Amino acid sequence: MKIGIIGGGQLGMMMAESAKKLGHSIYSLDPSIDCPITRVSDKHIAANFSDTKAIKKLIEISDVVTYEFENINLDYIQNNEKKIPQGLYALKVSQNRLLEKNTVKNLGVETPLFSVYNSSKTLPIPSIIKSISGGYDGKNQYKIFNNNDIDQLEIDDSMGYIVEEYINFDYEISVILTRDKFGEIGYYPIPINKHKNGILFTSVVNNTISPEIIEKAQKISKIIIDNLNYIGTMAVEFFVKGNQVLFNEFAPRPHNSGHYSIEACNVSQFKNHILAITGHHIIKPILTNNAIMLNILGQNELYIENAAGIKYAYTHLYGKKEYRTDRKIGHITIVSEDNLSILNEIVKE
Ligand code: ADP
Ligand code: MG
C-alpha cells in the first residue's frame with residue numbers, strides 16, 4: 001500500500017522502517033527537507049503542517065494516512081476519516097489537556113485532581129500548572145512546591161492552563177497497546193518510566209510490576225482505546241501510588257517508552273501500528289528479553305561513544321542534522337541479563 005505519514009521525526013521514521021519491511025511505499029510530509037524520515041521515505045513533501053493543499057495532496061496520493069504527533073490542524077484532515085484509521089476523535093481529545101482529562105474522567109477513570117487555571121484563584125501546594133495545548137516533554141509546565149514558586153511564576157496568560165494536584169507517585173508507567181479494526185487489542189509489557197526535567201530518561205521493562213497494577217492499567221487503557229474507537233498503536237501514561245493507578249495522559253501514536261519493543265519483543269510497536277492501520281490483524285506482543293531503553297539527548301553524545309562496542313546495547317540514531325540540548329537524537333536499548341550495570345556504564349560521565 002501507499003502509506004502517507006504526517007510528521008518526519010523519529011517516530012515517523014521508525015513507522016516508515018517497519019512499513020517498508022512489510023512492502024509498503026512511504027510518502028512523508030514535514031517542513032524539513034532532511035528530517036529523519038527522509039532517509040526512509042519514497043517521496044517527501046516538504047511543506048508546513050499548516051499547508052492545507054500539501055496535506056490534501058498527501059491524503060490523495062496515499063491509500064492510508066498516519067501521523068506521528070498530535071498537533072495537526074483538524075480542519076485540514078476533516079472528511080478524510082476513512083483514510084486515517086487512528087481517527088480524528090483521538091487526535092482532537094489529545095490536543096487539549098482539559099478535554100482529555102474530562103473525557104477520561106467521564107469514563108470513570110481516576111486522575112489527579114485538576115481544574116482550569118485562573119490567576120486570581122489561590123493555587124494548591126503542591127501542584128503543577130500545564131498548558132492546555134501544545135505541551136510535550138514537560139514544556140509549558142510549572143511546578144508549585146511553595147509560596148516562592150507562586151511569587152516567581154511567570155506564565156503566558158495568552159495560553160490556557162490547567163492546575164493539577166502534584167502526585168508524589170511511587171513510579172510512572174505507560175501502557176503501550178495496539179488495537180486493530182477487528183477490535184482486538186495487543187498489550188505490550190509495561191515499562192517503568194523515569195523522567196529528568198520532564199523528559200523521558202529511561203524505560204525499564206523487567207517484570208517487577210504487580211499483576212494487580214498491570215491489570216488495572218490495562219483495563220483503563222482498554223476503556224480509553226475502545227471509547228476513542230482508535231486503530232493503531234497508542235500509549236497511556238499513569239502515575240502509580242500504592243494501589244492507585246492514576247491516568248496522566250495518552251498519546252494517539254507509537255510512543256518513546258515503547259521503543260524497547262524493537263529489540264525486546266516478538267513484534268515492535270511500529271510493526272503492529274502498521275499492521276493495524278493497513279487493516280490487518282495485530283500480533284500479540286510477547287517480551288523476549290528484559291530491557292532498558294535510554295534516550296540520547298543532544299547533550300548526551302557521550303552515551304553513543306560509551307555504548308559503542310557493547311554487545312547487548314542497540315544504539316539507534318535518528319540522523320538529526322543538529323544536536324540540540326534537551327532534544328532527542330537517538331536511543332539505546334539494552335537487552336541483557338545485566339541491564340543495570342550496562343546502563344551505568346553508558347551514562348557514566
Ligand atoms: P508531557 O506532555 O510534557 O509529557 P506530562 O503531563 O506527561 O506532559 O508531564 C511530564 C512529566 O512531568 C510526567 O511524566 C511526570 O514525570 C511529571 N508530572 C506531570 N504531571 C504530574 C503530576 N500531577 N504529579 C507529579 N508529576 C507530574
Ligand atoms: Mg507525558
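For clarity, every value in this text was computed on a predicted model and none was experimentally measured. Read the numbers this way: they start at 1 and go in the same order the structure lists the ligands and their atoms.
Using a cutoff of 4.0 Å between basic side-chain nitrogens and carboxylate oxygens, E249 and K101 are not scored as salt-bridged. For the pair D34 and R39, the salt-bridge criterion is not met [side-chain N within less than 4.0 Å of a carboxylate O]. Ionic pairing of K348 and E345 is present here: one or more N-O contacts between side-chain nitrogen and carboxylate oxygen are shorter than 4.0 angstrom.
Contacts of L246 classified as side chain to side chain contact (heavy atoms under 4.5 Å, CB included), with partners at least two apart in sequence or in another chain: E110, P112, I167, F239, Q244. Applying the side chain to side chain contact (heavy atoms under 4.5 Å, CB included) rule to I125 yields the partners I144, N147, I150; only residues at least two apart in sequence or on another chain are considered. Taking D180 as the reference, F182, E184, A276, H281, I282 meet the side chain to side chain contact (heavy atoms under 4.5 Å, CB included) condition, with sequence neighbours excluded.
The angle E237:OE2 - the Mg ion (ligand 2) - E249:OE2 amounts to 90°, with values rounded to 10 degrees.
Residues with a heavy atom under 4.0 Å from ligand 1: R97, I128, K130, G135, Y136, D137, G138, Q141, E164, E165, Y166, I167, F169, E172, H195, E237, F239, N248, E249.
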